[in-house]
Amino acid sequence: MPKIQVLDRHTAELIAAGEVVERPSSVVKELMENAIDAGATSLTVEIENGGVRTIRVTDNGCGIPHGEVSTAFLRHATSKVRTEKDLEHIGTLGFRGEALASISAVAKVEMLTRTADELAGTRCVIEGGEEPQLSEAGCPVGTTIFVRDLFYNVPARMKFLKKDVSEANAVAAVVDCLALSHPEISVRFIRDGKETLLTPGDGNAHACIYAVFGREFANGLIPVDYALADVRVYGYISKPVNARSNRTMQHFFVNGRYVKTRTAAAALERAFQGAIMIGKFPSCVLHIDVMTEQVDANVHPAKIEVRFVNERPIFDAVYHGVKSALTAGDAPKQAVFTAVRPQVIEPVAEQLTLPTEPKTPAVPTPPMAESSFKKRPLTSEIAPPKKTMSLRDGTAALYGRPDIAVEIPTKAEPQATVSVTTEVTASPVREETVVSPSIPVCAPQTAEDTEPIQFIGEVYHTYLLVQKGESIFFIDKHAAHERILYNKLRESVQQDAQLLLTPITVSLSHKEYEAVLPHLTLMREAGFEVEEFDNALLVRAVPMMLTGEDVPALIEEIAGGFLSGKQEIQVDKLSWIYHSVACRAAVKAGDRQSTPEAEALARRVLNDEAVRYCPHGRPVCFELTRKELEKQFGRI
């Protein structure tokens with residue numbers, strides 16, 4: 001039987017450090033919390049190589065007296081808790097006294113600190129948990145801590161660290177949360193020599209949110225300030241129209257501590273119930289102030305979770321506070337029209353000229369230079385395909401959907417289809433437009449498929465009814481169109497993209513941002529031209545079929561897919577992206593369509609064997625035979 005023995009001090013400290021220091025972001029979190037507890041009003045965090053090589057945290061707090069510096073590096077040494085009763089009234093972020101001891105056990109640490117009543121500061125150097133070496137040094141009031149070569153003496157922990165970019169993003173997420181928790185502190189974050197965050201530190205929570213998440217997110221918020229009994233809830237929630245496809249932008253703070261609380265999250269989503277679509281989630285930056293004896297922060301090693309003595313008051317306060325804010329602040333969207341000055345536009349491909357008098361067709365514009373994208377002319381937003389209908393041609397694409405073409409019988413002799421790169425003119429008497437490039441919906445009938453197709457109508461603006469031979473077919477138009485678009489995307493080697501005149505900035509959480517960056521090339525293949533922009537994504541081009549769609553929501557959905565690892569389980573890595581694009585671009589249930597457009601879609605479904613199920617597996621149509629129908633009426 002193995003002999004029981006006491007571990008040596010160094011081994012015991014390495015084991016204990018594993019509970020506190022998991023990765024560089026853990027170090028930053030502990031050091032920032034100590035700076036906040038020290039009363040700092042200005043705080044700077046600098047990292048290199050994701051924080052593995054260097055972490056430096058500088059604050060202008062009260063500092064540590066010379067005689068207490070060595071004690072600060074001992075385990076369970078703290079100035080915030082004296083007796084066991086103090087654990088029932090924890091009002092500080094740190095209280096266990098393990099941070100400095102754990103960090104110094106797995107890294108090389110140097111500290112410079114000075115209090116306001118000392119003439120000289122103190123320099124302390126400690127490596128791998130050994131005895132600290134003290135000396136005098138000149139430094140300002142406050143504390144600066146250097147942490148170098150994290151896990152240099154624990155190779156087993158080092159190999160579990162992720163890439164520098166991932167570790168740096170994890171650090172950035174921690175800095176963001178702590179900056180949001182204390183808007184009265186100016187927080188500065190420098191990443192590999194580049195400043196990526198600077199909050200004003202003026203106590204204005206909205207200004208802090210603006211600095212952390214950007215203008216788009218901050219402008220879509222509603223203020224919350226509500227008190228119920230001994231609980232106060234204040235901060236900001238997103239407007240229902242800005243709901244996201246995941247919960248990554250929900251931030252809760254209890255007594256100034258960033259936490260994850262199911263109680264508050266459930267209350268938030270219950271308050272939004274009925275105001276946002278199913279599957280969408282609100283965003284928030286909400287502070288919850290509660291009496292310290294009603295909350296226990298000592299339930300999680302990383303202090304990321306708390307336990308409430310009574311959860312009901314917390315739920316009620318968050319619910320009623322959010323509900324009241326929604327009632328008062330969620331005004332309907334208003335249409336804004338701006339006068340457009342007439343301007344001369346040079347003729348480009350696919351542009352139509354309608355003169356008052358007939359004239360000779362102009363010389364077509366030379367085609368644009370080839371690039372990695374087949375780009376369309378610049379538009380103010382996403383340029384919708386033109387509504388096209390040719391009275392001379394036998395085929396036309398309707399209502400801006402180039403993937404649905406309709407056969408239109410005419411008495412005139414068949415004429416050649418107008419090329420999409422030719423400028424066309426038309427007289428006032430007979431209108432002509434350019435036929436948009438399209439995938440023919442009406443597949444050519446073969447000898448075996450000669451039964452006529454009769455379009456009956458549409459039910460609930462969702463289901464198409466078509467008679468073919470002795471059967472009636474019920475077609476789900478959204479599912480059918482989604483499958484058609486999905487097949488089109490799958491068949492193309494690289495998707496055509498259209499440029500945006502004004503690029504769209506999409507704000508993401510650091511985890512989503514980290515997940516997307518390695519896959520920008522994959523998104524380019526799918527038709528998205530996306531680049532990094534100040535911890536956000538700048539969308540410059542989107543697939544052609546995404547006319548008028550909500551691009552930010554789609555990018556958030558794709559980012560959430562990368563974050564959840566969807567691409568890892570797909571043989572075709574673009575498949576799940578195509579699912580999202582096709583679903584958003586397809587005609588929606590409830591949309592009104594013209595009869596020719598609906599009939600064209602129905603014909604495509606019945607003539608194309610590949611259109612049987614939507615990309616999510618739902619059936620596109622089902623058949624009701626005449627025999628089965630007559631059975632219901634007792635005819636047979």
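Within the 4.5 Å cutoff, the side chain of Val259 has no heavy atoms near those of the Glu305 side chain. The shortest side-chain heavy-atom distance between Leu268 and Gln250 falls under the 4.5 Å cut-off. A heavy-atom distance below 4.5 Å is found between the side chains of Ile209 and Leu221. Side-chain atoms of Val542 and Leu554, non-hydrogen and from C-beta on, never get closer than 4.5 Å to each other. Side-chain contact between Phe473 and Val605 is absent, with no heavy atoms from C-beta onward closer than 4.5 Å. In this structure, Glu599 and Ile456 have side chains that are not in contact, with every pair of non-hydrogen atoms separated by 4.5 Å or more. Within the 4.5 Å cutoff, the side chain of Val466 has no heavy atoms near those of the Ile472 side chain.
Taking 4.0 Å as the cut-off between side-chain N and carboxylate O, Lys477 and Glu597 do not count as a salt-bridged pair. Ion pairing between a basic and an acidic side chain is recognised when a charged N comes within 4.0 Å of a carboxylate O; Glu269 and Arg247 show such pairing.
Residues satisfying the salt bridge (charged side-chain N to carboxylate O under 4.0 Å, His left out) test with Glu628, not counting sequence neighbours, are Lys631. For the salt bridge (charged side-chain N to carboxylate O under 4.0 Å, His left out) test, no residue two or more places apart in sequence or in another chain qualifies with Arg262. Residues satisfying the side-chain contact (heavy atoms from CB on, under 4.5 Å) test with Ile222, not counting sequence neighbours, are Ile237, Lys239, Ala325, Leu326, Asp330. For His461, the side chain to side chain donor-acceptor pair (under 3.5 Å) partners are Arg592, not counting sequence neighbours. Glu623 is linked by a side chain to side chain donor-acceptor pair (under 3.5 Å) to Ser471, counting only residues two or more places apart in sequence or in another chain. Taking the side-chain contact (heavy atoms from CB on, under 4.5 Å) definition, one finds that Ala317 meets it with Leu228, Val231, Val233, sequence neighbours left out. The side-chain contact (heavy atoms from CB on, under 4.5 Å) test applied to Thr595 returns Phe455, not counting sequence neighbours. Glu531 is linked by a salt bridge (charged side-chain N to carboxylate O under 4.0 Å, His left out) to Arg540, counting only residues two or more places apart in sequence or in another chain. The side chain to side chain donor-acceptor pair (under 3.5 Å) test applied to Asn219 returns no partner, not counting sequence neighbours. By the salt bridge (charged side-chain N to carboxylate O under 4.0 Å, His left out) test, Arg270 is found to be paired with no residue, residues two or more places apart in sequence or in another chain being considered. By the side-chain contact (heavy atoms from CB on, under 4.5 Å) test, Ala479 pairs with Asp476, Cys614, Arg618, Val620, sequence neighbours left out.
Heavy-atom minimum distance, Lys468 versus Leu606: NZ-O, 3.7 Å. The shortest non-hydrogen separation linking Met249 to Leu508 is SD-C, 4.4 Å. Considering all non-hydrogen atoms of both residues, Val224 and Val322 come closest at CG1-N, 4.4 Å. Residues Val539 and Ile555 come closest through the heavy atom pair CG2-CG1, 4.0 Å. Residue Asn169 comes nearest to Tyr513 through the heavy atom pair OD1-CD2, 4.2 Å, listed as atom of the first residue, atom of the second, then distance. Between Val516 and Ala559, the shortest heavy-atom contact is CG2-CB, 3.4 Å.
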Checklist entry - Would Arg626 and Glu470 count as a salt bridge (Lys or Arg N to Asp or Glu O under 4.0 Å) if you check the C-alpha gap in whole Å, the side-chain angles of each, and the deciding distance to 0.1 Å? => result CA-CA 6 Å; Arg626 180 172 183 174; Glu470 294 293 306; 3.5 Å; yes

Item to check | Evaluation steps, side-chain contact (heavy atoms from CB on, under 4.5 Å), between Leu465 and Phe474 | outcome: CA-CA 5 Å; Leu465 272 64; Phe474 295 79; 3.7 Å; yes

Item to check | Steps toward side chain to side chain donor-acceptor pair (under 3.5 Å) verdict (Asn242, Glu216) | outcome: CA-CA 10 Å; Asn242 296 326; Glu216 296 296 329; over 6 Å; no

Item to check | Steps toward salt bridge (Lys or Arg N to Asp or Glu O under 4.0 Å) verdict (Arg244, Glu556) | outcome: CA-CA 7 Å; Arg244 300 170 61 88; Glu556 291 169 6; 3.1 Å; yes

Next on the checklist: For a side-chain contact (heavy atoms from CB on, under 4.5 Å) check, start with the C-alpha distance between Phe562 and Met523, then their side-chain angles and the critical distance, and finish with the verdict.
Outcome noted: CA-CA 11 Å; Phe562 284 127; Met523 294 186 67; 4.1 Å; yes

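Rounding to the nearest 0.5 Å places OG1 of Thr327 at 11.5 Å from NE2 of His320. Residue Asp316 holds its CG atom at 14.0 Å from NZ of Lys323, rounded to the nearest 0.5 Å. To the nearest 0.5 angstrom, Asp176 atom CG is 7.0 Å from His251 atom NE2. Within the model, atoms CD1 of Ile288 and OG1 of Thr261 stand 6.0 Å from one another, a figure rounded to the nearest 0.5 Å. In this structure, CG in Leu624 is found 11.0 Å from CD in Gln467, a value given to the nearest 0.5 Å. To the nearest 0.5 Å, atoms CG (Leu520) and CD (Glu532) are separated by 6.5 Å.
Between the side chain of Ser166 and the backbone N or O of Lys162, no donor-acceptor pair lies under 3.5 Å. In this structure, the side chain of Glu525 does not engage the main chain of Leu522 through any donor-acceptor pair within 3.5 Å. One N or O on the side chain of Ser507 and one on the backbone of Phe213 form a donor-acceptor pair closer than 3.5 Å. Here the side chain of Thr462 pairs a donor or acceptor atom with the backbone of Tyr460 at under 3.5 angstrom.
Around the OH atom of Tyr226, the shell of radius 6.0 Å holds more than 12 heavy atoms that belong to other residues, nucleotides or ligands.
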If you look only at distance, which donor and acceptor atoms sit under 3.5 Å apart when one is on a side chain in residues 272-284 and the other is two or more places apart or in another chain?
none

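Checked against the 6.0 Å centroid criterion, the rings of His519 and Phe528 do not qualify as a close aromatic pair.
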